[in-house]
Amino acid sequence: MVRSVISMATLGVVATLAAGSTEHPLQNHDPVGVVRVEQQVVPVHNRARALDLLFVVDNSSSMAEGQAALRAIVASFVDVLTSFEGGLPNIRIGVISTDVGTGGVTIGRCSPAAKPRGDDGRLLTNGCAGLTAPFIEDILRADGSRRRNYAGDLAGVLGCMVSLGVDGCDFPQPLESLYRALQPGNNPGFLRDDANLVVIIASDGDDCSAKGPELFRDGTASTTSVLGPRTAFRCFEHGVTCADDPEPRAFGTKTGCVPTVGSRYLRDVQTYAAFLKRLKANPRKISVAGIIGPVDAARTVSVIPDPDDATRAALGPSCRSAAGQATPAVRLQAFLTQFPDRHGITSICDADLTDALTVLETRQPGWVVNPCLESPLADQNPDLPGLQHECSVTDVTSPNGPNRTETVIPACARAGDTPPCWRFISDPVRCATASDNRAIEVDRGDAIVPDDTVLQVQCVVEP
């Protein structure tokens, strides 16, 4: 049985509407007074929901605590996936590192002769037992069973995969790694045209995606050279610009810091965001999340003396925890916010990183979540016993096209519970703060609706 549960967020829409039948769109009624309406328009999902998830995990030397924190939320992550309406979607999950080398310039563990391009955006299994491919696949078969390419527990396998270790390059380039991973022909079989795509980046530093090896050359550069000493501070100095800051190496607090556009050494953040959006005909099928060093509203960065050499500049942390610290991820945050209402950001220093999973719970186009009607319904006829509500539920196919069609869905009470119909349900777990824990459930029986269908819901609520 196909069911979808629809959330009606409190939009505070004020309209001139009339009380009347629940079987027709409210806006078609003759106006008799001003009332308050909650409404929502969301895509309708069918049984076959495909989701590709890509974790970009920093494997530089400072990320031991960060990876441990990420591993600790894997069980919660799997719980979110399995709690989707209709159960676990058809998933593919891959993991890549942030190590793409330094353009052939050998710096410690960066660009060794055997691996000059680092991990090069390749999917990594980390040698996890029971996995038979470069990525996890868990697909629903027609008979209700699932086809899996791994043995054992999903959370256990994924927890192993994200534990990449900390022997990667100390100039992490998560955006370049992501770009390489999703290039045509790379990591074949992972990315599906019909699937939603979620990218989750976990790092305690910022992005240092370089245009080429020039950023990493001149290992003996001084504090007066163009590049400056060959430390991670180069990534900030040549990749971020702060307001009224003629000398990036000067110690002190800087504000208004944003990614540099047209840097000589680092690629523009916008370039990577534009690439990712082009992967889908509908960019709303792409969501992103970051477990990163926080950036405050003033976009503040602190430049401090390098603990290894007080004459050099270094970035101060933007957060600390018992497990470690992180620097402000100015470039990564700017990348994530290129996906309005489809991104989530959590501080990697937080004791609980489960907020990072919000992007899974609330931003999957066509996947209904948080099915709560927040405001109390207005009683349209207090003289009658019970609640005389005023709601309209309608399927709209091709809503923005010339062949737009609308199909009114009756209330189950009037339709004798014959699908398709809708009903109120109580969901005290997901709707703990909603009035009467109320949600709306649509029972479609075995019907499959066209892909380009949205559910339009309106209810008159108390002023």
Side-chain angles (χ1 to χ4, degrees), residues 58-64 66 97-121 165-177 179-180 203-242 245-254 257-269 271 293 301-318 324-332:
D58 188 342
N59 63 334
S60 62
S61 61
S62 62
M63 267 293 290
S97 80
T98 56
D99 183 353
V100 295
T102 45
V105 179
T106 302
I107 311 169
R109 294 169 297 183
C110 302
S111 292
K115 199 166 62 171
R117 291 172 61 87
D119 294 318
D120 204 24
V166 291
D167 58 355
C169 181
D170 280 332
F171 291 89
Q173 302 182 55
L175 298 184
E176 177 64 21
S177 184
Y179 173 79
R180 296 186 190 184
S203 177
D204 62 356
D206 204 357
D207 174 68
C208 191
S209 294
K211 289 182 174 179
E214 290 75 21
L215 178 68
F216 308 109
R217 289 180 173 149
D218 196 358
T220 61
S222 70
T223 57
T224 60
S225 71
V226 173
L227 278 170
R230 192 165 64 182
T231 68
F233 189 79
R234 283 187 183 181
C235 307
F236 166 77
E237 180 178 354
H238 300 290
V240 174
T241 301
C242 299
D245 182 31
E247 180 44 68
R249 297 174 198 173
F251 300 154
T253 300
K254 306 168 190 292
C257 301
V258 296
T260 301
V261 177
S263 168
R264 177 179 174 183
Y265 299 104
L266 274 76
R267 295 191 186 279
D268 288 355
V269 167
T271 300
V301 165
S302 175
V303 176
I304 63 173
D306 189 327
D308 295 326
D309 182 345
T311 67
R312 305 184 312 204
L315 282 187
S318 61
Q325 62 185 36
T327 53
V330 175
R331 286 172 55 86
L332 286 177

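For this chain, numbers begin at 1 and follow the sequence in order. These figures come from a predicted structure and were not determined experimentally.
The salt bridge (charged side-chain N to carboxylate O under 4.0 Å, His left out) test applied to Asp268 returns no partner, not counting sequence neighbours. Applying the side-chain hydrogen bond (donor to acceptor under 3.5 Å, both in side chains) test to Thr241 and every residue at least two apart in sequence or in another chain returns Thr260.
In this structure, the separation between CZ on Arg312 and OG on Ser222 is 11.5 Å, given to the nearest 0.5 Å. Distance check: Ser62 OG to Gln325 CD gives 8.5 Å after rounding to the nearest 0.5 Å. In this structure, SG on Cys242 lies 11.0 Å from CD on Glu237, to the nearest 0.5 angstrom. Here CG of Leu315 is found 9.0 Å from OG1 of Thr231. Values are rounded to the nearest 0.5 Å.
Between Glu214 and Arg217, at least one side-chain nitrogen of the basic residue sits less than 4.0 Å from a carboxylate oxygen of the acidic one, meeting the salt-bridge criterion.
Pairing each heavy atom of Phe216 with each of Ala210, the nearest pair is CE1-CB, 3.6 Å. Here the closest heavy-atom approach between residue Arg230 and residue Val105 is recorded as NH1-CG1, 3.8 Å. For the pair Leu227 and His238, the tightest heavy-atom approach, listed with the atom from each and the gap, is O-NE2, 3.3 Å. Considering all non-hydrogen atoms of both residues, Leu175 and Asp207 come closest at N-OD1, 3.2 Å. Annotation for Ser318 and Gly293: closest pair OG-C, 3.8 Å, computed over non-hydrogen atoms. What you find for Pro116 and Ser111 is that their closest heavy atoms are O-OG, 2.9 Å.
Within the 4.5 Å cutoff, side-chain heavy atoms of Asp206 are placed close to those of Val240. Contact annotation: the side chain of Phe171 approaches that of Ile107 to within less than 4.5 Å [non-hydrogen atoms, C-beta and beyond]. Contact annotation: the side chain of Met63 never approaches that of Pro172 to less than 4.5 Å [non-hydrogen atoms, C-beta and beyond]. At a threshold of 4.5 Å between non-hydrogen side-chain atoms, the residues Ser209 and Leu266 do not count as touching. When side chains are defined from C-beta on, Val303 counts as touching Phe236, because their heavy atoms get closer than 4.5 Å.
A distance-only check finds a donor-acceptor pair linking the side chain of Arg249 to the backbone of Thr223 [under 3.5 Å]. In terms of modelled atom types and a separation under 3.5 Å, the side chain of Ser263 and the main chain of Gly239 share no donor-acceptor contact. Between the side chain of Arg267 and the backbone N or O of Glu176, no donor-acceptor pair lies under 3.5 Å.
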Steps toward side-chain contact (heavy atoms from CB on, under 4.5 Å) verdict (Phe233, Thr327): CA-CA 11 Å; Phe233 189 79; Thr327 53; over 6 Å; no
The test is side-chain contact (heavy atoms from CB on, under 4.5 Å); show your working for Asp119 and Asn59 and say whether it passes. CA-CA 11 Å; Asp119 294 318; Asn59 63 334; 3.8 Å; yes
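Applying the salt bridge (charged side-chain N to carboxylate O under 4.0 Å, His left out) test to every pair with at least one member in residues 97-114, sequence neighbours left out, gives these pairs: Arg109-Asp170.
The environment of OH in Tyr179 is sparse: at most 12 heavy-atom neighbours from other residues, nucleotides or ligands sit within 6.0 Å.
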